[in-house]
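Have a look at the structure below, then the notes.
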Amino acid sequence: MESQMMDFPLTLSHLFDRAGRYFAKTELVSRRPDKSIHRTTWGDFHVRAQKLANALQRLGVKRGDRVATLGWNHSRHLETYFGIPLMGGVLHTLNPRLSGQDLAYIMNHAEDAVLLVDDVLLPVWERFKHEVHPKHVVVWSNGAAVPAGMLDYEQLIEGELGSFTPVTLDEKEPAGICYTSGTTGRPKGVVYSHRSMVLHAMSAALPDSLGLSQTSVVLPVVPMFHVNAWGLPFTCAMVGAKVVFPGPHLDALSVLQLMEEEKVTCAAGVPTVWIAILDALDKEPKRWNVSSVKQMVVGGSAAPQAMIEGFQKRHGLAVLHAWGMTEMSPIGTVSRLKAGMQGLPDSEQFRRRAMQGVAVPLVEVRAVSEAGEVPWDGKSMGELHVRGPFIAKSYFGNAAEADKFTMDGWFRTGDVVTIDSEGFVRITDRSKDLIKSGGEWISSVDLENALMGHPAVKEAAVVAVAHPKWDERPVACVVLRDGAKATDEELREYLSPLFAKFQMPDAFVFMQTIPRTAAGKFLKTALREQLKDFKLQT
Ligand code: ADP
């Protein structure tokens, strides 16, 4: 017997047409570099993205060709998210915070045919332009003349037809490529298909995932060059949400102002952004009315429990903790309390909300140790493996990393976790960041989380330092809040009821800032390098 269902390809053009047809009047708001506000709608966007698709064809872009972008979050950038895949091209977002060397490596590796770049990011382009060879460079100008030899985006699309004759695409054809930020070695390319992006959008929108709909007003603080802003542009097009783009202004005051003025219901970003916002709200609790905000999605690195509690208890704002990876499109788990858990004591509720949470639909998880799959008891640790239709099965042109993909069809995340009987995943560390002391594992994430609960501590990162007797011992790098004071002794006293003696940091190093990756995560490789000659007491 055969099923009687249509063979209907899951392509992005379906999401695109839905946004244009059903939500034509819904707004897309962008903050420009000069802080002025630009407003358009899904309806206008639908026309302009088709003009872009026509223009790219005219420039000679062929099916499967990569088209790169180097831009902040704004609605013209969004046009490439659909205009490129619509004509069979592959969207390749570049992270302007990377070094010129990394950007050149990534562009050459992907063989990008065309580059679209923000005028304000032209200085970044200058740093590596001599090492790469796109056929065309197109500039998103904010008024200034475009440099000689480059094309002006508005002029490029101006004369084109606002309707595009669809290319019939197979759902498995590539639609986008992203490179991991390289905290774990050379950047690695992940190629998404139309099908994987559509299924990710469906899964992400669900009520128990991000819970987005046409009544949502979404502020992606997470940059569009970081795993496609967690897929939010595709999810928002599918459900017809209003989208608010912050442009280059990602500081706490600018974000809070946008949240208030545009009546944002859901904002998403990495913990650094939210730590700064919590600080601003604590200093001036009455300055902003952000009562429209229903949830703030935090992911990319662990959201400290103290931050989740601080937002909820002091400002009535709900943080939704999510975990994911570039290789997963990226959302893997979301930490929402299950039915019945609302009755748990406060402390237990916050403990759960600070976990990475439960796998979203279409993602399967398991934790594996040297002895095999570990039980879901909340105690046994293992490396997290994942599988599903929006998870990579290999890297683009990189056979060296083949061991990340198991023979039985799972992706090895490199994160060390426990999973409890409710299915809640808790990351204890990345495998390379775990600290091994006298044969026992110490979780740097647990220590960081606890330290960030101390009122004087703004940020904390814990790394292993070599020790002659114990092999490795934890050292805590601490940034204090402006004007706050704390001594080693106070921090040690604060931690001691929470940790076993062998887990306590051997030393505290006070710093002005903690080095970060281009994606805003603690750069532990740099910290380890800084501390490599650090002498611990024996
Ligand atoms: P990279 O692998 O280059 O750092 P990604 O952005 O893909 O780039 O990062 C994925 C990793 O980030 C995960 O494997 C995990 O270690 C970390 N991560 C992401 N979200 C969370 C989270 N909510 N809690 C803890 N770690 C997280």
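First listed ligand is number 1; within each ligand, the first listed atom is number 1. Throughout, residue positions are numbered sequentially from 1 according to the sequence presented.
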Just let me know how S301 lines up against ligand 1, side chain, backbone, both or neither, with a heavy-atom cut-off below 4.0 Å.
backbone

R430 contact mode with ligand 1 (heavy-atom cut-off under 4.0 Å)
side chain

State the atoms of ligand 1, each with its element, that fall below the 4.0 Å cut-off from a heavy-atom position in W323.
13 (C), 15 (C), 18 (N), 19 (C), 20 (N), 21 (C), 22 (C), 23 (N), 27 (C)

Ligand 1 and A322, any nitrogen or oxygen pair closer than 3.5 angstrom?
yes

Tell me whether K521 has any N or O atom under 3.5 angstrom from an N or O of ligand 1.
yes

Which atoms from ligand 1 have a heavy atom of Q356 less than 4.0 Å away?
22 (C), 24 (N), 25 (C)

For S369 and G382, indicate whether the former's side chain and the latter's backbone hold a donor-acceptor pair under 3.5 Å.
no

Which pairs with one or both residues in residues 228-238 pass side-chain hydrogen bond (donor to acceptor under 3.5 Å, both in side chains), sequence neighbours excluded?
none

Taking only heavy atoms of T326 into account, list the atoms of ligand 1 that are under 4.0 Å away from them.
5 (P), 6 (O), 7 (O), 8 (O)

Below 4.0 Å from any atom of ligand 1, is there a heavy atom belonging to G414?
no

Return yes when H226 approaches ligand 1 closer than 4.0 angstrom through a heavy atom, no otherwise.
yes

When you compare ligand 1 with I427, is there at least one nitrogen or oxygen pair between them that comes in under 3.5 angstrom?
no

Check against side chain to side chain contact (heavy atoms under 4.5 Å, CB included), M381 and S443
CA-CA 11 Å; M381 287 205 276; S443 159; over 6 Å; no

Can you confirm whether or not the ring centre of F396 sits under 6.0 Å from the ring centre of Y179?
no

From I435 CD1 over to R473 CZ, what is the distance, rounded to the nearest 0.5 angstrom?
8.5 Å

As a check for students: among T517, T180, L523, D415, identify the option with a heavy atom nearest to atom 13 (C) of ligand 1.
D415

Is it true that, when you exclude Q101 itself, more than 12 heavy atoms of the residues, nucleotides or ligands shown sit nearer than 6.0 Å to its CD?
no

Numbered atoms and elements of ligand 1 in range of M325, under 4.0 angstrom, heavy atoms:
7 (O), 10 (C), 13 (C), 14 (O)

Would the number of heavy atoms belonging to other residues, nucleotides or ligands and lying under 6.0 Å from NZ of K172 be above 12?
no

Quick one: do F405 and Y395 satisfy ring pair (Phe, Tyr, Trp, His ring centres under 6.0 Å)? Show the steps, please.
CA-CA 10 Å; F405 306 91; Y395 291 112; 5.3 Å; yes

According to side chain to side chain donor-acceptor pair (under 3.5 Å), who are the partners of R97, at least two apart in sequence or on a separate chain?
none

Quick check on contacts: which atoms of ligand 1 are under 4.0 angstrom from a heavy atom of G300?
12 (O), 17 (C), 18 (N), 19 (C), 20 (N), 21 (C), 27 (C)

Contacting atoms of ligand 1, where contact means under 4.0 angstrom from a heavy atom of H321:
22 (C), 23 (N), 24 (N)

